[in-house]
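Each ligand, and each atom within it, is numbered from 1 in the order the structure gives. None of the values given here were measured: they were computed from a predicted structure.
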Amino acid sequence: MIGILSSVQSITEVIPEVIAGSAAPLIFLILALIVIWNCKFRSSPPGPSFCMGIGPIVSYIHFLWKGIGKACNYYNDKYGEFVRVWIMGEETLIISRPSAAYNVLKHAGYCSRFGNEFGLQCVGMRENGIIFNNNPDSVKQIRPIFMKALTGSRLQNVTAVSVASTKAYLERLDQVTDNGQVNVLKLARLIVLDINNKLFLRVPLDENEILGKIQNYFDSWQTLLLKPHLFFKFSWLYKKHEENAQELRMSMKNLIMKKRQSIAESEKLEEDTDFATDLIFAQDHGDLTSENVCQCLLEMMIAAPDTMSVSLYFIFMLIAQHPDVQEGLIEEIKTVSGDNEVENSDLPQMKLMESCINEAMRYMPVVDIIMRRAMEDNVIDGHYIKKGTNVILNIKRMNRNEFFPKPNEFSLQNFETAVPNRYFQPFGSGPRACVGKHIAMVMMKVITATLLKKYKLHTLDGRTVDDIKNINNLSQHPEEPQSRLEMIFIARRKANP
Ligand code: HEM
């Protein structure tokens with residue numbers, strides 16, 4: 001017994017050693033796997049090295065020097081689809097991988113944007129308006145007012161208004177034509193501003209004056225957005241930009257006053273409200289401040305001219321560059337609407353037009369980057385993302401992904417089969433998606449069809465969108481002034497005069 005016990009004792013004494021001996025490598029292996037898995041799971045994305053703080057300075061200078069869009073392209077080309085850089089000393093991810101970008105867009109934890117607070121304050125966007133408003137409660141209150149104006153029954157008359165505005169400006173084409181060359185960007189801006197006014201405000205305005213102020217406002221917004229804090233210590237550096245913003249805000253305040261007068265004189269107001277009326281009512285109910293109302297109207301008035309006119313410019317150029325596409329579109333327009341003006345019921349049948357607009361937005365996106373900020377810790381595509389990290393989605397590069405048969409060419413083949421959402425996001429997605437996406441598609445279809453019914457489009461001296469000098473900063477748009485941005489419109493002869 002003693003012998004057995006002593007042998008048992010010796011076994012129990014031995015067991016831990018045996019276990020320790022045989023399990024040690026196993027435990028070590030498991031730990032190693034956990035560490036490796038954890039490292040992979042939380043791996044830091046590639047990018048320039050920190051190098052005692054030199055990396056953050058160099059990458060920030062790159063953004064300030066080249067502009068946001070160009071800097072993003074540079075870093076994605078150099079380090080891949082998921083890159084870490086620094087802007088204003090803050091960790092910033094640049095993502096052009098469709099799956100990762102789609103996850104960010106859809107995730108409620110990324111519904112904030114980023115930019116220098118002083119810069120946003122200067123242009124009136126800090127916790128105000130919608131586009132760069134980072135106050136979730138304020139956005140929750142304001143976004144539905146935009147949604148109401150841009151979706152549902154309010155979309156009903158967009159087609160008729162767009163036809164009327166396009167025709168009116170085509171009849172006055174000489175105002176934007178010099179030596180037979182049409183300033184297409186100016187034409188598109190005039191048409192789009194007029195449509196916006198007729199839909200959202202309905203107060204007489206001086207289009208040229210407002211357009212000039214909108215362009216100055218956009219330039220200032222783009223200039224101030226990522227400037228360092230130090231820049232705002234010297235008022236003479238940012239004074240001009242503050243004034244640009246102030247001038248557009250003053251114009252908006254005047255228009256709101258006029259709108260108030262017309263509301264006071266209106267008899268059947270309840271049946272006939274618009275975006276500006278909704279804002280004014282919200283102010284009168286104490287839901288919005290007068291500053292909110294002014295900034296919301298300003299942003300509604302700039303959102304379309306800043307995006308739609310440039311998109312239309314790229315669309316017209318690409319159509320002119322591809323005569324087969326232009327002929328196909330004309331055939332479709334004739335088949336769908338004959339000699340009549342385009343109507344709501346025609347729009348779903350304009351399949352080729354839709355592919356052409358989508359392909360132009362894929363190939364030359366006006367909004368080529370989307371800026372967001374992580375509001376909570378998260379993991380995207382295996383990368384750990386800390387709360388507060390800035391995220392830039394490089395839409396232009398993402399649009400040229402392997403899903404498309406000809407990613408680097410303008411080709412309607414790219415939209416011959418249905419494109420899943422995650423591969424093509426011209427309007428963003430999720431809780432901060434473009435509120436104007438439906439109206440934008442309707443306006444672009446109608447304006448393009450109305451123009452093509454009347455004119456055949458040509459570029460100047462065989463110029464293409466690829467040889468236009470573009471600014472890729474907050475958005476992608478042609479540098480102005482620049483020679484040969486104009487186009488030639490040749491009137492079409494009626495089939496049965
Ligand atoms: C936001 C694209 C036209 C109003 C955005 C965003 C994109 C975009 C990419 C950011 C979305 C995101 O963060 O997920 C475009 C393009 C347009 C266009 C390509 C035309 C070709 C319009 C129009 C309006 C409009 C016509 C209004 C009349 C807005 C507003 C926001 C926005 C208010 C900010 C939404 C928010 O932050 O909650 N747009 N847009 N857009 N867009 Fe558009």
**Report entry** Proximal atoms of ligand 1 relative to Ala303 (non-hydrogen, under 4.0 Å)
**Finding:** 4 (C), 24 (C), 25 (C), 27 (C)
Report task. Starting from atom 17 (C) of ligand 1, locate the nearest protein heavy atom and write down its residue, its atom name and how far away it is, to 0.1 Å. Result -> Phe427 CE2, 3.4 Å
Requested in this report: Would you mind checking if Asp368 and Lys70 are paired as a salt bridge, meaning a charged N to carboxylate O distance below 4.0 Å?
Outcome: no
Query raised in the report: Which ligand 1 atoms does Met444 reach within 4.0 Å, using its non-hydrogen atoms?
Result: 21 (C)
Query raised in the report: Quick one: does ligand 1 sit under 4.0 Å from the side chain of Val367, the backbone, both or neither, non-hydrogen atoms only?
Result: side chain
Requested in this report: Please say whether the positively charged group of Arg400, taken as NZ for Lys or CZ for Arg, lies over the ring of Tyr363, i.e. under 6.0 angstrom from the six-membered ring centre and within 45 degrees of the axis.
Outcome: yes
Query - Taking atom 33 (C) of ligand 1 as the reference point, the nearest protein heavy atom with its distance - result: Val435 CG2, 3.2 Å
Query raised in the report: Looking only at heavy atoms, is any part of Asn133 under 4.0 Å from ligand 1, and if so is it the side chain, the backbone, or both, or is it neither?
Result: neither
Report summary line: A student checking ligand 1 against Gly428 at a 4.0 Å heavy-atom cut-off should list atoms 9 (C), 11 (C), 14 (O)
Query raised in the report: So, for His62 and Tyr75, is the gap between ring centers shorter than 6.0 Å?
Result: yes
Query raised in the report: For the rings on His458 and Phe489, is their centre-to-centre separation under 6.0 Å?
Result: no
Query raised in the report: Are a donor atom and an acceptor atom from the side chains of Asn76 and Arg397 found within less than 3.5 Å of each other?
Result: no
Requested in this report: If you have a sec, work out which protein heavy atom is nearest atom 23 (C) of ligand 1 and how many Å separate them, to one decimal?
Outcome: Gly436 CA, 3.9 Å
Requested in this report: Show the numbers, then the answer: is there a side-chain contact (heavy atoms from CB on, under 4.5 Å) between Lys227 and Met88?
Outcome: CA-CA 8 Å; Lys227 283 279 186 282; Met88 299 183 288; over 6 Å; no
**Report entry** Atom indices of ligand 1 within 4.0 angstrom of Ile131 heavy atoms, with elements
**Finding:** 37 (O)
**Report entry** Close-contact set for ligand 1 against Pro426 heavy atoms, below 4.0 Å
**Finding:** 2 (C), 9 (C), 19 (C)
Requested in this report: State yes or no: are the ring centers of Phe403 and Phe424 separated by less than 6.0 Å?
Outcome: no
Query raised in the report: Any side-chain donor-acceptor pair under 3.5 Å between Ser337 and Asp346?
Result: no
Query raised in the report: Do the ring centers of His107 and Tyr110 come within less than 6.0 Å of each other?
Result: yes
Query - Nearest candidate to atom 32 (C) of ligand 1, where distance is taken over non-hydrogen atoms, out of Ala440, Cys434, Ala149 - result: Cys434
Report summary line: Within 4.0 Å of some non-hydrogen atom of Leu105, the atoms of ligand 1 are 14 (O)
Requested in this report: Please say whether Arg432 places an N or O atom under 3.5 Å from an N or O atom belonging to ligand 1.
Outcome: yes
Query raised in the report: Out of Leu393, Thr307, Ile439, whose heavy atom is nearest to atom 18 (C) of ligand 1?
Result: Thr307
**Report entry** ligand 1 atoms in contact with Ser311 (distance to a heavy atom under 4.0 Å)
**Finding:** 21 (C)
Requested in this report: Compute the shortest N/O to N/O distance between Arg372 and ligand 1 and return yes if it is under 3.5 Å, no if not.
Outcome: yes
Requested in this report: For the pair Glu291 and Lys253, find out whether any cationic side-chain nitrogen is under 4.0 Å from an anionic carboxylate oxygen.
Outcome: yes
**Report entry** Proximal ligand 1 atoms for Arg143, defined as those under 4.0 Å from one of its heavy atoms
**Finding:** 35 (C), 36 (C), 38 (O)
Query raised in the report: Taking all non-hydrogen atoms of both residues, which atom of Leu248 and which atom of Lys213 are closest, and how far apart?
Result: CD1-CB, 3.8 Å
**Report entry** Tyr423 and Tyr102 aromatic centres sub-6.0 Å
**Finding:** no
Query raised in the report: For ligand 1, is any non-hydrogen atom under 4.0 Å from Ser429's backbone (N, CA, C, O), its side chain (CB onward), both, or neither?
Result: backbone
Report task. Counting heavy atoms only, name the option from His438, Lys106, Arg113 that's nearest to atom 10 (C) of ligand 1. Result -> Arg113
